[in-house]
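We name chains A, B, ... by the order of the sequence lines, and we start the count at 1 in each one. Just so it is clear, the structure is predicted and the values come from calculations on it, not from any experiment.
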Number of protein chains: 2
Amino acid sequence: MAAKLADVAKHAGVSTATASRVLNNRMVMPISVATMDRIKRAARDLDYRPNPMARALLTGRTHALGLFSREMGDPHFVQLLEAAEAEALQLGYHLVVSSSQEAVGGPGRVDGLLVFGAPEQQVRARRPDGFPVITVNSTLDPERDTIGWSDAEGMYSAVRHLAELGHRRIAGLFCYGEEPHADTPKLVGFRRAVEQYGVEWRPYWRGRDPFEVQQTNQFDNGYLAAQDLLSDWRGFTGIVARNDYIALGALRALREAGKSVPGEVSVVGYNDSILATCADPPLTSIRTPIAVAGAMAVQLLVQALSGGSVEHGCTMLPVSLTVRGSTARPGSSEG
Amino acid sequence: MAAKLADVAKHAGVSTATASRVLNNRMVMPISVATMDRIKRAARDLDYRPNPMARALLTGRTHALGLFSREMGDPHFVQLLEAAEAEALQLGYHLVVSSSQEAVGGPGRVDGLLVFGAPEQQVRARRPDGFPVITVNSTLDPERDTIGWSDAEGMYSAVRHLAELGHRRIAGLFCYGEEPHADTPKLVGFRRAVEQYGVEWRPYWRGRDPFEVQQTNQFDNGYLAAQDLLSDWRGFTGIVARNDYIALGALRALREAGKSVPGEVSVVGYNDSILATCADPPLTSIRTPIAVAGAMAVQLLVQALSGGSVEHGCTMLPVSLTVRGSTARPGSSEG
DNA sequence: TTGTAAGCGTTATCAC
DNA sequence: GTGATAACGCTTACAA
């Protein structure tokens with residue numbers, strides 16, 4: 001059985017109150033150096049570790065943060081996890097992960113909640129009033145505590161990059177549920193850019209709801225969608241994909257069709273994942289600030305917990321374009 | 001303020017004892033249906049949720065499991081996380097992740113610990129006696145509770161695959177710290193296979209400790225190591241890589257050197273990650289049962305918690321070979 | 001300077 | 001059938 005505070009106190013010949021005060025540095029009134037030493041020594045000797053549950057019960061603080069994501073298993077999510085965990089560790093908090101919003105726990109189990117990738121409305125609605133929730137997301141709700149970036153801006157940059165290279169006919173590879181008239185951020189940004197730059201465009205997609213598809217399916221869908229594109233539209237010179245998986249699928253379809261990249265066709269991916277680095281040719285891709293957002297979200301949450309309730313609002317981090325070898329001026333070689 | 005048991009009890013006009021019994025289905029003695037209904041109704045009306053900390057303090061059970069890994073951020077780890085989380089959810093447990101063994105918590109914070117990828121000795125040594133720890137790992141210790149697979153077997157299969165295709169000269173792409181005489185499981189398996197099949201072999205590596213390198217560095221190291229290989233050994237026809245990142249780096253070096261895959265050189269990766277699927281050509285790779293192991297580890301841990309302490313020992317799961325387009329008989333085409 | 005005692009929200013052991 | 005009441009291990013007024 002682990003040593004408890006009473007053991008330490010007895011060992012040091014003091015009361016639990018004094019022991020507690022010393023061990024927590026809560027010395028409202030001065031304590032003699034001698035007893036301090038005795039207590040600290042006893043704690044060390046007995047390998048005393050305060051029971052987190054007892055402490056939590058009393059203080060109402062678990063020192064744990066929940067992290068909820070429907071996309072656990074996505075390499076993109078793991079970047080958030082890594083950053084958030086490191087930050088939480090730094091600040092003395094634990095991270096409880098869950099793919100179920102109900103199960104991740106609320107007050108009593110965790111002190112605050114980090115939500116990744118779920119529509120904010122759904123989250124807030126199910127939470128007790130006042131429970132600190134911050135969402136890391138690409139769909140910002142200015143009314144709520146959100147930190148993230150704009151996928152509209154990301155897609156806009158992707159199209160702009162191609163347009164500025166001189167591409168006039170650009171295909172968009174999306175997902176089911178992202179028909180051209182849809183209002184997802186990525187489509188909004190896409191449409192805004194093609195309109196503004198006056199380029200011709202067509203959307204393609206295969207497969208099902210983005211949340212339900214496996215990564216390998218995304219790759220396959222990209223492959224199939226690109227095949228559709230190849231047999232449907234002869235004049236296109238640029239492709240913008242919803243994510244890197246889809247872009248890599250397209251890369252394969254293009255290679256099989258004998259189209260050179262970036263000679264005949266330029267391709268832009270999204271997320272700037274490890275896939276983009278490893279692709280052949282290396283993929284120009286949109287980099288989202290997911291790791292930074294994860295760390296900031298933890299900071300904000302902890303800050304809110306310390307200082308009562310800090311109304312944070314909505315922080316928007318910049319999205320950037322990583323240019324690699326899959327994009328070039330149209331017809332730049334062998335085209 | 002959230003409703004507590006006392007509120008429910010008062011609302012239903014009973015004592016907390018009765019309320020507790022009904023709400024937990026712990027009815028040693030029969031309880032009148034009428035009061036049962038009243039209590040359940042009160043609980044629903046007040047949206048009563050038992051305080052996990054109070055319960056934990058009393059029962060000594062947190063219903064949380066710790067998951068410790070130094071490789072958080074690795075897409076390979078995320079497969080374990082996903083499977084373990086799903087299983088934990090299923091069994092009513094929470095998952096606390098941490099990249100620090102100290103911080104993930106022990107008794108009082110979590111009921112048991114899942115350790116991924118760390119040498120078992122280091123783990124057990126730092127844990128209080130009797131605290132349930134199970135390691136998911138590739139380096140099995142028959143003395144301890146371990147579940148995993150043999151990377152020696154995996155590497156052996158990779159070499160065997162090439163040897164059976166007829167390759168007689170095989171290069172191994174490893175990491176710094178895995179010099180040919182090292183005793184890491186992968187090298188042991190590699191050496192055993194090349195000896196048994198009588199094939200000529202040479203090891204190559206670049207970079208630093210495997211635990212410290214980023215994924216993109218692994219890719220770069222694979223690229224550089226393959227370049228070393230290309231300028232060093234003319235007669236090789238097969239490559240076995242320590243992981244898929246390295247294999248993809250090698251693929252790039254081979255392409256740049258004008259070597260066709262699998263026509264002139266066959267390449268085998270390790271982990272069968274998404275990279276293997278998306279590579280061009282698709283990568284033959286060794287698939288480890290990491291997801292299954294993660295789920296089983298959670299099951300075992302929970303089982304041990306329920307039934308006192310189940311001595312499990314050491315379970316070894318089979319490793320398999322996924323054959324894709326990067327391997328063929330030597331000189332099978334244009335070679 | 002230090003000790004006493006109340007209480008955090010449960011569950012469990014008795015008594016009624 | 002049901003209700004007091006004592007824990008669980010800790011923090012913190014308040015008392016001494």
Side-chain angles (χ1 to χ4, degrees), chain A residues 1-40 42-43 46-64 92 105-111 128, chain B residues 1-40 42-43 46-64 92 105-111 128:
Chain A
M1 207 52 194
K4 30 195 205 180
L5 186 62
D7 299 330
V8 175
K10 194 189 297 178
H11 219 77
V14 296
S15 72
T16 61
T18 313
S20 174
R21 281 194 286 253
V22 168
L23 262 20
N24 293 293
N25 280 344
R26 289 238 186 307
M27 285 165 284
V28 195
M29 287 158 177
I31 292 180
S32 83
V33 183
T35 48
M36 254 182 60
D37 284 350
R38 255 183 313 149
I39 291 168
K40 283 182 177 166
L46 298 173
D47 189 32
Y48 168 69
R49 291 137 189 274
N51 182 324
M53 295 306 139
R55 191 175 275 182
L57 178 57
L58 194 58
T59 61
R61 282 291 153 76
T62 63
H63 273 258
R109 172 66 73 178
V110 295
D111 294 340
Chain B
M1 206 52 194
K4 30 195 208 181
L5 186 61
D7 299 330
V8 175
K10 195 189 298 177
H11 219 78
V14 296
S15 73
T16 60
T18 313
S20 174
R21 279 193 288 252
V22 168
L23 262 21
N24 292 292
N25 280 344
R26 289 236 184 307
M27 286 165 283
V28 195
M29 288 158 174
I31 292 180
S32 84
V33 183
T35 48
M36 255 183 58
D37 283 351
R38 255 183 313 150
I39 291 168
K40 284 183 178 166
L46 296 174
D47 190 31
Y48 168 70
R49 291 138 188 274
N51 182 324
M53 296 304 137
R55 189 176 277 184
L57 178 58
L58 193 58
T59 60
R61 282 290 153 76
T62 63
H63 272 259
R109 172 66 71 178
V110 294
D111 294 339

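Of the side-chain N and O atoms in Ser32(B), one or more sit less than 4.0 angstrom from OP1 or OP2 of dT2(D). The side chain of Thr35(A) contributes no N or O atom lying less than 4.0 Å from OP1 or OP2 of dT1(C). The phosphate of dC10(D) has neither OP1 nor OP2 within less than 4.0 Å of any side-chain N or O from Arg55(A). Phosphate contact (OP1/OP2 of dT2(D), side-chain N/O of Thr18(B), threshold under 4.0 Å): absent.
Nearest to the side chain of Val14(B), among dA13(D), dC8(C), dG3(D), sits dG3(D). Nearest nucleotide to the side chain of Leu58(B), out of dT2(C), dA7(D), dG9(D): dA7(D). Comparing dT11(D), dC8(D), dT4(C) by their nearest atom to the side chain of Asn24(A) picks out dT11(D). Ranking dT2(D), dT2(C), dT4(C) by closeness to the Ile31(B) side chain, first place goes to dT2(D).
Residue Ser20(A) is classed as a base contact, given a heavy-atom separation below 4.0 Å to a base.
Comparing Gly13(A) and Ala17(B) against DNA chain C, the residue whose closest nucleotide sits nearer the 5' end is Gly13(A). Residue-to-nucleotide proximity on DNA chain D shows that, of Ala19(B) and Tyr48(A), the 5′-proximal contact is made by Ala19(B).
For the atom pair CE (Met53(B)) and CZ (Arg109(A)), the distance works out to 5.0 Å, reported to the nearest 0.5 Å. With rounding to the nearest 0.5 Å, the separation of OG1 in Thr16(A) from CD1 in Ile39(A) is 10.0 Å.
Remark: the backbone N or O of Ala12(B) is paired with a side-chain donor or acceptor of Arg38(B) at under 3.5 angstrom.
Looking at Arg21(B), its side chain comes within 3.5 Å of the base of dG3(D) through a donor and an acceptor atom.
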